[in-house]
Amino acid sequence: MSFDITKLVDPPMPSYTFALYSRDLFEKSKFKDYDSLLENKIARSQARAKHLAWILESGNVTRPHESKRDNGNVPKTTSVQFLNAEYIATFNLGTDDHKFKSSYENTCVYDYNYEDGGRTKGWIAEDVITFVLDQKTERILFGCGRDQTSGKPFDGDFSGIAGLGRRRAGGYSLPSQFGADIMAICLPDFFTTGKSTISFHTSPFKKKTSAKLLPNPALPLFYFVNLFKVFINDKEVPLPRNIGNDMNSRYFVDTGATFSFLPKGIYKVFRDTFRKEAGFPLYKSPPSQFDTCYKADPGVAPDFPTVKMYFGQQKPENLLFLAERLVVVHQQGLFCLAFMSWKNPVTIIGSYQLQGVGLTFDTATDTLSFDIDACGAD
């Protein structure tokens, strides 16, 4: 499994627009086959879910850290958190005559230990992003890792992680630093060389259907949505009734999580309904990560149920339709239900279910719009 990433040539992009690729394009040469690559992706998704569970249970998104000294250009305190990435955006940070404005000795220093034993140390630096077409520049703050021990460090394929959390005053995410209420992103299909874009301030995608973004002061970076009803084919999967502010913390979209995670009780009903609608005999010994898999004859792709998610109300303009390719995943010659169960009462809508969907996050109007099949595989 190999692909020469030096052949990637990005055309000049408008301001606040970056090319976007699946992470697998950069990493698949390190794995012997598709299944081992998928297993690694699943492990990342489960690690992220574990940390998100800790955040949701504790109510702490980040932890503050004191700086040793302040030179007036960076904050006296900052925060760090566990991050994972499934997509790679390409852009240049810095210029030939302007390197990191900050240095380790005189800026905001962070030192953070993760639950899995990993650790990251570094400082907050400041530099510019230059957009090629109009030579517009944007100055941003970013964490500059000096010492990282968390399994696999960054290598030559990519250089860091950009946060995409909701815009807020004093935040470090790109929407916050760009002052952008609008973030538009289309997630390329997994395991392809297909390219898409992520942009800020404007969206190239049609706003065909939409959900409402729900503010949550306790978790201000998250994109909570007003999920209302879920159907497998035409069979409804009952969801808990939302009362008052309870809805504001039940369902959120997270492109860093590979698969969608459902609370145990909801997942059991969801899974059992899927099995009934599929109507095929279950494979008796599925991979450990999945509990609902099917064996198909070579060269035959059976028809599987589809999933419909309604937001706010059961109307076409509030529908996110998941075709069967977004509902099942192919692993070890099996077709498996691509949803997972976890102990937390919150539902995560992950990136596997959002492949090819043009997403427009608009925090000025508190809407998330969906443009189905806006991008896909090449």
Side-chain angles (χ1 to χ4, degrees), residues 20 86-87 164 166-167 175 180-190 194 196-216 222-240 242 247-262 266 270 273-274 277 304-328 338-339 346-377:
L20 192 72
E86 292 302 321
Y87 292 90
L164 300 178
R166 285 186 64 137
R167 180 187 178 186
D181 290 317
I182 294 175
M183 179 179 69
I185 181 172
C186 193
L187 305 178
D189 283 8
F190 291 179
S196 184
T197 60
I198 178 172
S199 58
F200 303 88
H201 295 294
T202 61
S203 174
F205 307 123
K206 298 177 182 178
K207 300 179 181 180
K208 295 181 178 179
T209 62
S210 63
K212 184 175 179 58
L213 291 175
L214 304 173
N216 187 319
F222 288 21
Y223 294 97
F224 285 92
V225 291
N226 61 333
L227 185 61
F228 177 59
K229 288 187 177 183
V230 173
F231 292 83
I232 296 178
N233 288 339
D234 292 322
K235 298 295 177 63
E236 183 175 355
V237 177
L239 299 177
N242 297 304
M247 177 184 282
N248 293 29
S249 59
R250 277 200 179 273
Y251 315 101
F252 71 91
V253 173
D254 181 58
T255 59
T258 306
F259 296 100
S260 294
F261 286 80
L262 307 177
I266 297 177
F270 184 92
T273 304
F274 178 87
E277 290 296 300
F304 287 100
T306 59
V307 172
K308 291 180 281 189
M309 296 183 175
Y310 288 96
F311 297 87
Q313 49 191 332
Q314 191 177 338
K315 293 185 176 181
E317 59 266 29
N318 302 110
L319 167 65
L320 174 61
F321 178 79
L322 304 182
E324 60 184 79
R325 72 179 185 88
L326 304 179
V327 178
V328 297
F339 290 75
V346 176
T347 294
I348 301 175
I349 302 174
S351 60
Y352 189 87
Q353 279 66 48
L354 299 173
Q355 294 175 91
V357 180
L359 304 169
T360 300
F361 298 84
D362 188 338
T363 53
T365 60
D366 281 330
T367 57
L368 169 57
S369 300
F370 309 104
D371 187 359
I372 305 298
D373 295 328
C375 68

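The first residue of the sequence shown is numbered 1, and numbering continues consecutively from there. Both backbone and side-chain heavy atoms feed into the values below; hydrogens, waters and symmetry mates do not.
Here L326 contributes atom CG and F321 contributes atom CZ; the two are 9.0 Å apart, rounded to the nearest 0.5 Å. With values rounded to the nearest 0.5 angstrom, I185 atom CD1 is found 4.0 Å from I198 atom CD1. The CD atom of E317 sits 13.0 Å away from atom CZ of F370, with the distance rounded to the nearest 0.5 Å. Note that the CZ atom of R325 and the CD atom of Q355 stand 6.0 Å from one another [nearest 0.5 Å]. Atom CD of Q313 sits about 5.0 Å away from atom CG of N318, to the nearest 0.5 Å. Note: M183 CE to L359 CG = 8.0 Å, rounded to the nearest 0.5 Å.
Listed by chain and residue number, nothing satisfies the side chain to side chain donor-acceptor pair (under 3.5 Å) test with T347 (two or more places apart in sequence, or in another chain). For T365, the side chain to side chain donor-acceptor pair (under 3.5 Å) partners are D362, T367, not counting sequence neighbours. Applying the side chain to side chain donor-acceptor pair (under 3.5 Å) criterion to K235, with sequence neighbours excluded, gives E277. Partners of A180 by side-chain contact (heavy atoms from CB on, under 4.5 Å), not counting sequence neighbours, listed by chain and number: F178, F200, H201. Under the ring pair (Phe, Tyr, Trp, His ring centres under 6.0 Å) criterion, F339 pairs with F270, sequence neighbours left out. Under the rule for a side-chain contact (heavy atoms from CB on, under 4.5 Å), the partners of D254 that lie at least two apart in sequence or sit in another chain are R48, L52, F252, A257, I348. With sequence neighbours excluded, the residues forming a side chain to side chain donor-acceptor pair (under 3.5 Å) with S203 are T360, listed by chain and number. Every residue two or more places apart in sequence or in another chain that forms a side-chain contact (heavy atoms from CB on, under 4.5 Å) with L239 is listed here: L227, V230, Y251, I266.
Closest heavy-atom contact between Y223 and P175: OH-CG, 4.4 Å. Residues A374 and F205 come closest through the heavy atom pair CB-CD2, 3.9 Å. For F261 against F259, the heavy-atom pair with the smallest separation is CD1-O, 3.3 Å. Smallest separation of non-hydrogen atoms from S260 and I349: OG-CA, 3.5 Å. Between L20 and P188, the shortest heavy-atom distance links the atoms O-CG, 3.7 Å.
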Without placing hydrogens or testing angles, list every side-chain donor-acceptor pair under 3.5 Å for residues 304-311, not counting sequence neighbours.
residue	atom	partner	partner atom	Å
K308	NZ	N233	O	3.4
K308	NZ	D234	OD1	2.9

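Although no hydrogens or angles enter the test, the distance criterion places a donor-acceptor pair under 3.5 Å between the side chain of Y352 and the main chain of V328. Between the E236 side chain and the F231 main chain, no donor and acceptor come within less than 3.5 Å of each other. Judged purely by atom type and a 3.5 angstrom limit, S351 has no side-chain atom pairing as donor or acceptor with the backbone of L354.
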CA sep, side-chain torsions, deciding dist, call: V357, L187, side chain to side chain contact (heavy atoms under 4.5 Å, CB included):
CA-CA 7 Å; V357 180; L187 305 178; over 6 Å; no
Begin from the C-alpha positions of V225 and L213 and carry the test side chain to side chain contact (heavy atoms under 4.5 Å, CB included) through to its verdict.
CA-CA 5 Å; V225 291; L213 291 175; 4.0 Å; yes
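Applying the salt bridge (Lys or Arg N to Asp or Glu O under 4.0 Å) definition to pairs two or more places apart or across chains, those involving residues 198-209 are K208-D371.
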